[in-house]
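Notes to accompany the following structure.
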Amino acid sequence: MTTDIINIKWLLNTRTNNELLRGTALAQLPVIENAWLRIEDGIIADYGEMSAYQGSLSRQAQKKNLDTIDATGQFILPAWCDSHTHLVFAASREEEFVDKIKGLSYADIAAKGGGILNSANKLNAATEDELFNLAWKRLEEVSKLGTGAIEIKSGYGLTVEGELKMLRVIKKLKEKSALSIKSTFLGAHTYPTAFKENHQGYIDQIINEMLPVIAREKLADYIDVFCENGFFSAAETETICKAGMGYGLKPKIHANQLNLSGGTQIGVKLGAISVDHLETMDEDAIKSLAGSATIGTLLPTAAFFLRMPFQPARTLIDSGCAIALASDYNPGSSPSGNMNLVIAMSCIQMKMLPEEAINAATINGAYAMELQDEVGSISIGKQANLIFTKPISSIAYLPYAFGSNCIDKVMIKGEFL
Ligand code: NIG
Ligand code: FE
């Protein structure tokens, strides 16, 4: 089956070779004006300028089943790659949202048994089917908002049974969804109440009871730890990540969100795929990240929702760190998986250029899930995961019109949603 999309006003992020973008390269967004794109069996087969389309068509003439889509006035870009979410959860937490309006902090809420523990209680009471159905609806919602590849974490189980249940839900989502999904084991999200005074006991449970089953059933691609004061120390993070790495799980770490936790440096030392959050960075953490292959994943909607200072994106980019943007979709700190909003916020509040934001949310996001050979750019051989915009005037209009839905249609693996 061949589909040609013709008369594309601007085809964005066309790349002939893959490269993790950092420094000034992040602002380079290749475009073809007045373009065409060919899809064969869900894969990008060719593309170019409309002036060369007739020639390509004559080479194609013998083929039957050629479908043509006219995209006059539309921009087409690769679907978003959201490399950090907690999309499987049992219930929303708007009562805590109101507590925060009344003055409680994220840490206050966690200390009184709310926050992650609140979500864990609800998750442990839910069945696998209930969790799957809720997560499926969220996946449908974010895919219509342009997300084509997504990472999903466990971390609301905090018991052997609960963590495995979450990971099995993610496995089922992987099997049933057209989206590319990566799964991360975040058993070390917080200490469950039963182990409040016995941290080593819970770490032993993660290492001796959870990880062997996860490895045996191939339930995760990555290991994550919430490295934070009052949660897991840098030393505990290292121990847990190393145990995961023993089973082939590479680290993607929650680092430097509320405090200078040392998570960035530990992540870099362990060769983590990414260190995520980074609201609270000092010179040492920035230097360590800049000199590494580890990606700094910025989650501006979490900073926004928690009323925290935004991540220092400009300093990170200008220092040479490779950064990605992600939604952190979760019920406590970012109850939104809308990547369009993430991009707008990164431009409005973190002074990223629209081109930088799009690259950080596509090709660099793909790298943060090791999916760079499949998604994240308009490249021959990659999946036809495409966002068709409504008629808009420029790339900058996307983050500028932050409250408008600029998406007309989304295509995943060559099929419109
Ligand atoms: O990435 N910071 C740790 N974990 C999540 C929030 C979890 C929650 O509050 O439920 C985050 O922000
Ligand atoms: Fe998170």
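Atoms within each ligand, like the ligands themselves, are counted from 1 in listed order. Computed from heavy atoms alone, side chains included, the values below leave out hydrogens, waters and symmetry copies. This is a predicted model, so every value here is computed, not measured.
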*Would you list the pairs meeting ring-ring contact (aromatic ring centres under 6.0 Å, His included) in which at least one residue belongs to residues 108-128, sequence neighbours left out?*
none
*asked:* Testing Phe416, Phe75, Trp10 one by one against Phe388 for a ring pair (Phe, Tyr, Trp, His ring centres under 6.0 Å), which residue passes?
replied: Phe416
*First-shell residues of ligand 1 [heavy atom, distance under 4.0 Å]*: His84, His86, Arg93, Tyr106, Ile116, Tyr156, His189, Phe226, His254, Gln257, His277, Asp328, Asn330, Gly332, Ser333
*Separation between CD of Glu374 and OG of Ser379, rounded to the nearest 0.5 Å*: 12.5 Å
_Pairwise distance NZ(Lys100) to OG(Ser105) - rounded to 0.5 angstrom_ = 9.5 Å
*With Asp318, which residues qualify under side chain to side chain contact (heavy atoms under 4.5 Å, CB included), at least two apart?*
Arg314
*Do you know how many protein N, O or S atoms are within a distance smaller than 2.8 Å of the Fe ion (ligand 2)?*
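Near the Fe ion (ligand 2), the number of protein N, O or S atoms below 2.8 Å is 4.
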*Derivation and outcome, side-chain hydrogen bond (donor to acceptor under 3.5 Å, both in side chains), residues Thr72 and Asp70*: CA-CA 6 Å; Thr72 297; Asp70 190 335; 2.5 Å; yes
Going by heavy atoms in the side chains, are [X] and [Y] under 4.5 Å from each other?
{"X": "Ile170", "Y": "Leu167", "value": "yes"}
{"X": "Asp276", "Y": "Asp224", "value": "no"}
{"X": "Glu163", "Y": "Leu158", "value": "yes"}

